[in-house]
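Inspection log for the structure reproduced underneath, given as structure tokens.
Here the structure is a predicted model, which is why all the values come from computation and not from measurement. To find a chain, count down the sequence lines: A is the first, B the second, and so on, and within it residues start at 1.
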2 protein chains.
Amino acid sequence: MRPTIHDVARVAGVSLSTVDRVLNGRHSVRAATRDRVETAMRSLGYVRNAAAANLSRRRILRFLFLLPGGANSFMRNLEAEVLTYSRLLVADGVEVEVRTLPPFDAAALDDALAAIEPGTCDGVALVAVDSPGVRAAVRRLRDRNLPVVTLISDLTPELRAHFVGINNVRAGRTAGRLLGRFCGGTTGRIAVMAGSMVLQDHAERDRGFREVLRANFPALTPMDPIEAFDDAAIAERTLTALLEQTADVVGIYSIGAGNRGLVSALDRRGGRPPVVVHELTENSRGWLLAGKIDAVIRQDPAREARSALRTLVALSNGKAFHKDENRVGIEIFLQDNLP
Amino acid sequence: MRPTIHDVARVAGVSLSTVDRVLNGRHSVRAATRDRVETAMRSLGYVRNAAAANLSRRRILRFLFLLPGGANSFMRNLEAEVLTYSRLLVADGVEVEVRTLPPFDAAALDDALAAIEPGTCDGVALVAVDSPGVRAAVRRLRDRNLPVVTLISDLTPELRAHFVGINNVRAGRTAGRLLGRFCGGTTGRIAVMAGSMVLQDHAERDRGFREVLRANFPALTPMDPIEAFDDAAIAERTLTALLEQTADVVGIYSIGAGNRGLVSALDRRGGRPPVVVHELTENSRGWLLAGKIDAVIRQDPAREARSALRTLVALSNGKAFHKDENRVGIEIFLQDNLP
DNA sequence: CGCGTTTTGACTAACGTACCTCATTTTACC
DNA sequence: GGTAAAATGAGGTACGTTAGTCAAAACGCG
């Protein structure tokens, strides 16, 4: 049988109340008494029963997720995963509200954060837009002891409790090394297609990609990024034009969405250079299997949703959470290791 | 406020006892009554409070992990991860016993499974060795409603509740495709180093590797596997000999452990062909960063430990567990996407 | 030493569910 | 219609913790 606070009280020679006071930092307890209680806990190997504690606290944990709205398929996917996983957590007394905000709108995020009433929420996960207002709002939440987790896009580390997402520079580097190796010693130019370089994550991937090519594959020259604004038609048109004008394209890196256009453009030509894209979708999975692209790099939105939620739960329960467990990786998929 | 069984009873117009009977399938309840209760549950969106239920059941969940003993570093790693994660679960009333058995010993596994006393254990995770005795023992456990999860190595699917591990044929295919691409059109032979082809997982990886080379990279010819028995000295000696005898080795695939010997052998030569190995360790991570090898393929033992434990917990609580959540992937690491 | 202040103890109700007993009602069947 | 059997109700206790109240004890300080 696991020891309970009753056992701790008995061994420490104090009352239940005192154990409770030590455990929950209530009234003042003399240092000597606290020591005795803590020693007893250690010697018994006491671990607070999380189920009983939460039950007694009659506490349901309410978390707020602030995600950018709009058509961005990655974000919609992430939203769906958050909702899916939170349904599983209902049995453990967790309630999740997902609110979508105008994308890239610091003021809207700022307002949403400021509007959080004390006592109505036990933790926040947000896709950060870095601005002084947002930083101030997050700081206020932290001062209220509300755990804040950043998702996908980070803030300064001292403001948030945990960041769930990938390092996009390293994602770009990974793409660069993969494509560099796939090009196998040929010389030529690499076409780069992005959603928009205004997006921080796209810009970071682009940077990492170029770093690696410059340092490790000097025979490959990345071209200026085409901005396709995640639109298949634009992507197809501009890429087709580029391929017609440029004879020595020996590889293609697609940083964002709009890959349908990329594939159509390539389909109409005979042969194709190595292609590396981001995000695993039904489409990109099919293209990988069909041999229309060579590798997909992704961050798993399902794991990100779960990590964010688990982190919030752990922080709210005052549990140490395993950082490693809640880290998401930069995954590489070829047609053989698809999930 | 979330609805409780009291609410369900009120709405259904029955007593608490009856709701309890329906919920836990105790005495006989008339179909009509059961219907009313179930309708009430649905209309209220009732979800059983897992914390309260387990508390009341004064139930601690006891799980048994049966892992192969011996020096196999992957298994030792896995064992450590199981212990680490189970420490986190203590607060939720989970107790884990890890028992190591002689490796590849079906009889020992069989005995260990048969020795499980009813009532002393709520679920088993094992690294399966397929034999009639083991299958029978697992079937008996299943008949006792004890959830059984296979780890790393599977049994026939109908016997176990879940398998946590990777498909090694696909892992080998992944290695093959990666190495094939890295070799970039050159012609020659590929050296293959395994622990022992008696190991099923090594044999499967070898098979997948060859499949891909044959189908997609006909210019690359895999050589017969060197068996190094996970021993660095043997690996170094045999690989050195092989490289001296064979001029056209254009790639190396290491299926198992003993990579220290591989790296030493390569270190003593000028230049090296592309190298793909399995398992991410402090060593292989260092070699990747130092450019001594090109890619590492792994299954994450930490995630496998967590998945097995979470699956057992979910099954014991009668919860639907998310299959996807508890699946582990075949991960590819280059020096840029290391965790 | 006596005072006021801290610290501690004893006790109680509650959280939502499980599980038990005993009594009562309803049903099925002849 | 009467009987046994089945179904249901009522009520209690317990799980381990939280969170309170009130009284008693110990302490610090002049």
Handout entry: Ion pair A/R298/A/E331, N-O distance below 4.0 Å
Key = yes
Exercise for the section: May I ask you to decide whether B/R10 forms a salt bridge with B/D7, counting only side-chain N to carboxylate O separations under 4.0 Å? Expected result: yes
Practice task
Using a cut-off of strictly less than 4.0 Å between a heavy atom of the residue and any atom of DNA chain D, enumerate the qualifying residues of residues 54-62 of chain B by number.
Solution key: B/L55, B/S56, B/R58
Handout entry: Rounded interatomic separation in angstrom, taking CZ from B/R26 and C1' from D/dG9
Key = 15 Å
Problem - Between D/dG16 (P) and A/L44 (CG): distance, integer Å - result: 14 Å
Exercise for the section: Could you check A/R30 against A/P3 and say which one's nearest nucleotide on DNA chain D is further toward the 5' end? Expected result: A/P3
Exercise for the section: Using a 4.0 Å heavy-atom cut-off across all strands, classify A/T4 as base, sugar-phosphate, or nothing. Expected result: sugar-phosphate
Handout entry: Side-chain N or O of A/T18 closer than 4.0 Å to phosphate OP1/OP2 of C/dG9
Key = yes
Exercise for the section: Verify whether one side chain among B/R48 and B/N24 offers a donor that lies under 3.5 Å from an acceptor in the other. Expected result: yes
Fill in the blank from the handout: From CG of B/D20 across to C1' of D/dG12 the rounded distance in Å is 13 Å
Practice task
May I ask you to say whether B/E97 pairs ionically with B/R99, meaning some side-chain N is under 4.0 Å from a carboxylate O?
Solution key: yes
Handout entry: Whole-Å distance separating the CZ atom of A/R36 from the C1' atom of C/dT8
Key = 11 Å
Problem - Short side-chain N/O contact from A/N24 to OP1 or OP2 of D/dT18, under 4.0 Å - result: yes
Problem - Length of the line joining B/N49:CG and C/dA14:P, which is rounded to integer Å - result: 18 Å
Problem - Between C1' of D/dG11 and CG of B/L16, the distance in whole Å - result: 10 Å
Exercise for the section: Please tell me which of A/V29 and B/Y46 maps to the more 5' nucleotide of DNA chain C, matching each residue to the nucleotide holding its nearest heavy atom. Expected result: A/V29
Problem - Which residue lies more 5' along DNA chain D, comparing A/A52 with B/G13 via nearest heavy atoms - result: B/G13
Fill in the blank from the handout: The side-chain contact (heavy atoms from CB on, under 4.5 Å) partners of B/N49 (sequence neighbours excluded) come to A/L55, B/R2, B/A51, B/A52
Handout entry: Nucleotide C/dC11, atom P - distance to NE2 of A/H6 in whole Å
Key = 12 Å
Exercise for the section: Look at the side chain of A/S15 and the base of C/dA10, then say whether one donor and one acceptor between them are separated by less than 3.5 Å. Expected result: no
Problem - Contact summary for B/D20 and B/R26, nearest pair of heavy atoms - result: OD2-NE, 2.8 Å
Problem - Salt bridge A/R36-A/E38, side-chain N to carboxylate O under 4.0 Å - result: no
Problem - Under-4.0 Å side-chain N/O to phosphate OP1/OP2 contact, A/R2 with D/dC15 - result: no
Practice task
Return no unless some side-chain N or O of A/R48 is found under 4.0 Å from OP1 or OP2 of D/dG16.
Solution key: no
Handout entry: Donor-acceptor pair under 3.5 Å, B/R21 side chain vs D/dG9 base
Key = yes
